[in-house]
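Below, chain A is the first sequence line, B the second, and so on; all start at residue 1. All figures in this text were calculated on a predicted structure; none of them were measured in a lab.
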Amino acid sequence: MSERRVRVRFAPSPTGGLHIGGVRTALFNYLLAKKHGGDFILRIEDTDQNRFVEGAEKYIIESLKWCGIEPNEGVGFGDGAHAPYRQSERKPMYRQYAEQLVASDHAYYAFDTEEELEKWREDMKAQGVPSPQYSAVTRQYLANSTSLSADEVKLRLERGDKYVIRFKMPRNEDVKFHDLIRGWVTFNTSQLDDKVLLKHDGMPTYHLAHVVDDTLMEISHAIRGEEWLPSAPLHVLCFRALGWEATMPQYAHLPLILKPDGNGKLSKRDGDRLGFPSFPLTWKAFNKETNQEETATGYRESGFFPDAFINFLSLIGWHPGGDKEMMDMDELISSFSLEKVHKGGAKFDYEKAKWFNQQYLKSKPNEELAAAIKDKITAAGFTLSDEKLAEYCGLMKERSTFLNDLVPIGSFLYQDVLNYDNETIKKKWKPEIKAKWDEYIAGKDLSTISPDVMMNEYIAFSGLKTGEIMPMLRVALAGVLQGPPVVDMAKFLGSKGAAERLKKSFEYFETVH
RNA sequence: GCCGCGUUCGUCUAUCGGUUAGGACACCUCCCUUUCACGGAGGGAAGAGGGGUUCGACUCCCCUACGCGGUACCA
């Protein structure tokens, strides 16, 4: 590798929400850029007018921000020297290169309409050709500048006939290129067809846009999904034909993220169908192509922490070696390398994602968690001081997986007990528990006695075995046989609060039969 | 169909010719806790199959099987 500055790009098309496969691609680009002190660019590939979805671009930008993998150049992140970064705005730039390829006999004009091509393909299929190619052997039978006379071509062009520019794929030639993840890969051009480079509306297809933009934007590494591998030889040939081979980016085709159950790659359309979120942020939009409202729950809305989500995502299809799994962004950056990216696809495992979140939740400072759930608590109509909320988080965080669980899981601590475990009450209730409590607490000045002392004294005073009294105290304070240690709950409630709750609960227990 | 890329416990993975094939998730058992968790200690669980190369293959090569991707004026 030369001294070339590392410049990578994440180039999604705004056709819907960003799914986790896309986020991972962005992440790996980001990690490589940061590792080498390079640039990470966001380029929007909106060359298909029909598939454009309102709001998708904004969603992509917000997602990257939430994930903490912000580009330092590109749409939504500030223009650098290579603006614009939206391909629709770069439209005028592509035609000249397509024409240049025609002039150098690497491409040609094709006048076939989409309907004609469709019919042609059907005819070919009827004749037993499974996937008809527009290629060196068939292009002579189709309407293009390699089959038509120069006059005819000139006439059609002047007349304003619609046309596309197709790459003139060599008939039988091996194209070999190096992939940072897969090593040397070879394709024979006889398997490739004359791909459209410039559409009739003057927009480039992905292929031309990739070659032109990555060259103009001085991209050093093209990191993208494995689904692009089959078209990589076309791209290599385009770089060569344009005389750009020397600055061609190094390729790295990432393994796919597969659906956890069956087969196939995780796709944008999977949404919530799989029983877990597959989008970073909740996505909602009307898709005019499918004429349907699309909804997908996000990791953020599900209560994931961005760092947990990223940590988890980074380990799908990549591992730096060794046994370490918990890594923050700095560690990911320093240990990242494309050579360590796997070749094989990885099935998505949501259980592991949850585990990561739980680990992060557990390790967060109580104050940070308190700040994060404060709004939810107040929205639910409760008021707790910051200190109290932090104490609450400390008590409950080991019992939660998500930030969202944290609020309801210990609701009995910040509000009255709403539901009692009557089965346990029926089984364990003893009248002495209340009698001894009334006797113990009579005349006590609760402002001078600490909650833990109160509880311990009462337990001793009752003369009951711990197995007889503890479950009842727990149900009295929490309503259920769950939660923090009894004394800790009492401490949280305070002597007065705990005493009031015990009194009230015991009175209720007496009525349960 | 054709082309390409893949294939280590159920899942994510370590291993870069020599290991009792290690870790994590999930699952099970036990300990801690007379709660639930957390934590700790154990357990079961893997090199797709067949040929080579080699003193020695999970590691290198070939074939087969299987999986995935591509085969659009979509990306």
To the nearest 0.5 Å, how far apart are CG in A:Leu413 and CZ in A:Arg501?
-> 7.0 Å

Salt-bridge test for A:Lys364 and A:Glu368: reply yes if a basic N is under 4.0 Å from a carboxylate O, no otherwise.
-> yes

At under 4.0 Å between heavy atoms, what does A:Asp201 touch on the DNA or RNA strands: base, sugar-phosphate, or nothing?
-> nothing

Describe the nucleic acid contact of A:Gln133 in one word from base, sugar-phosphate, nothing, applying a heavy-atom distance below 4.0 Å.
-> nothing

Earlier contact from the 5' end, RNA chain B, for A:Arg399 and A:Pro230 | A:Arg399

Output yes when at least one side-chain N/O atom of A:His210 is less than 4.0 Å from OP1 or OP2 of B:A75, else no.
-> no

Using a cut-off of 4.0 Å on non-hydrogen atoms, how would the nucleic acid contact of A:Arg474 be classed: base, sugar-phosphate, or nothing?
-> base

Counting any heavy atom closer than 4.0 Å, what does A:Thr186 reach on the DNA or RNA strands: base, sugar-phosphate only, or nothing?
-> sugar-phosphate

Parallel, tilted or perpendicular, as decided by the 30° and 60° cut-offs, for the rings of A:Phe167 and A:His106 = parallel

Think A:Lys324 has a side-chain N or O under 4.0 angstrom from the OP1 or OP2 of B:C12?
-> no

Distance between P atoms of B:U7 and B:G49 (Å, rounded) = 14 Å

Using the C1' atom on both, measure B:C60 against B:G47 and round to a whole Å.
-> 15 Å

Write down the partner of B:G47 under the Watson-Crick or G-U wobble criteria, each distance required to be under 3.5 Å.
-> none

Hey, does A:Val185 reach any base, or is it just sugar-phosphate, or nothing, if we go heavy atoms under 4.0 Å?
-> sugar-phosphate

Does a side-chain heavy-atom distance below 4.5 Å link A:Phe312 with A:Lys354?
-> no

Give A:Gly467 one of three labels, base, sugar-phosphate or nothing, depending on what nucleic acid heavy atoms sit under 4.0 Å from its own.
-> base

Look at the side-chain N and O atoms of A:Arg24 and state whether any lies under 4.0 Å from the OP1 or OP2 oxygen of B:C12.
-> no

Which value, in whole Å, describes the distance between the P atoms of nucleotides B:C16 and B:C3?
-> 35 Å

Applying a 3.5 Å limit to both distances, which nucleotide forms a Watson-Crick or G-U wobble pair with B:U35?
-> none

Specify whether A:Tyr109 and A:Phe111 have parallel, tilted or perpendicular ring planes, treating 30° as the upper limit for parallel and 60° as the lower limit for perpendicular.
-> tilted

Look through every strand shown and name the nucleotide pairing with B:C16 as Watson-Crick or G-U wobble, where both distances are under 3.5 Å.
-> none

Using a cut-off of strictly less than 4.0 Å, decide whether A:Gln191 has a side-chain nitrogen or oxygen near OP1 or OP2 of B:G70.
-> no

For A:His200, answer base if it contacts any base atom (sugar-phosphate contacts may also be present), sugar-phosphate if it contacts only those atoms, and nothing otherwise; contact means non-hydrogen atoms under 4.0 Å.
-> base

What does A:Thr113 touch in the nucleic acid at a heavy-atom separation under 4.0 angstrom: a base, only the sugar-phosphate, or nothing?
-> base

Looking at every strand, decide which applies to A:Phe187 at a 4.0 Å heavy-atom threshold: base, sugar-phosphate, or nothing.
-> sugar-phosphate

Paired with B:C66: which nucleotide, if any, by Watson-Crick or G-U wobble criteria at under 3.5 Å for both distances?
-> B:G6

Closest to the 5' end of RNA chain B, once A:Pro130 and A:Glu398 are matched to their nearest nucleotides, is A:Pro130

Expressed as a whole number of Å, how far does the P atom of B:U53 sit from that of B:C58?
-> 16 Å

Counting any heavy atom closer than 4.0 Å, what does A:Pro12 reach on the DNA or RNA strands: base, sugar-phosphate only, or nothing?
-> nothing

Would you indicate what A:Pro255 reaches in the nucleic acid, counting non-hydrogen atoms under 4.0 angstrom: base, sugar-phosphate, or nothing?
-> nothing

Does A:Thr47 have a side-chain nitrogen or oxygen under 4.0 Å from the phosphate oxygens OP1 or OP2 of B:A75?
-> yes

Scan A:Gly225 against the nucleic acid and name what it touches under 4.0 Å (heavy atoms): base, sugar-phosphate only, or nothing.
-> nothing

Looking for any heavy atom pair under 4.0 Å, which part of the strands does A:His253 touch: base, sugar-phosphate only, or nothing?
-> nothing

Under 4.0 Å between a side-chain N/O of A:Lys347 and OP1 or OP2 of B:G67, yes or no?
-> no

If we call it a pair only when both distances are under 3.5 Å in a Watson-Crick or G-U wobble match, what pairs with B:G1?
-> B:U71

Here the distance between atom P of B:G10 and atom CZ of A:Phe348, to the nearest Å, is 21 Å

Below 4.0 angstrom from OP1 or OP2 of B:U15, is there any side-chain N or O of A:Lys340?
-> yes

Which base, if any, makes a Watson-Crick or G-U wobble pair with B:U53, both distances under 3.5 Å?
-> none

Looking across every strand, which nucleic acid part, if any, lies under 4.0 Å from A:Glu45 by heavy atom: base, sugar-phosphate, or nothing?
-> sugar-phosphate

Between A:His210 and A:Tyr251, what is the ring plane arrangement, given parallel below 30°, perpendicular above 60°, and tilted in between?
-> tilted

Whether A:Trp318 and A:Phe28 hold their rings parallel, tilted or perpendicular, with breakpoints at 30° and 60° | perpendicular

For B:G39, take OP1 and OP2 only and decide whether either is under 4.0 Å from a side-chain N or O of A:Gln359.
-> yes

Taking a pair as Watson-Crick or G-U wobble with both distances under 3.5 Å, which nucleotide is matched to B:C30?
-> B:G40

Distance below 4.0 Å between A:Lys362 side-chain N/O and B:G39 OP1 or OP2 = yes

Mind checking whether A:Phe309 and A:Phe304 have parallel, tilted or perpendicular rings, split at 30° and 60°?
-> perpendicular

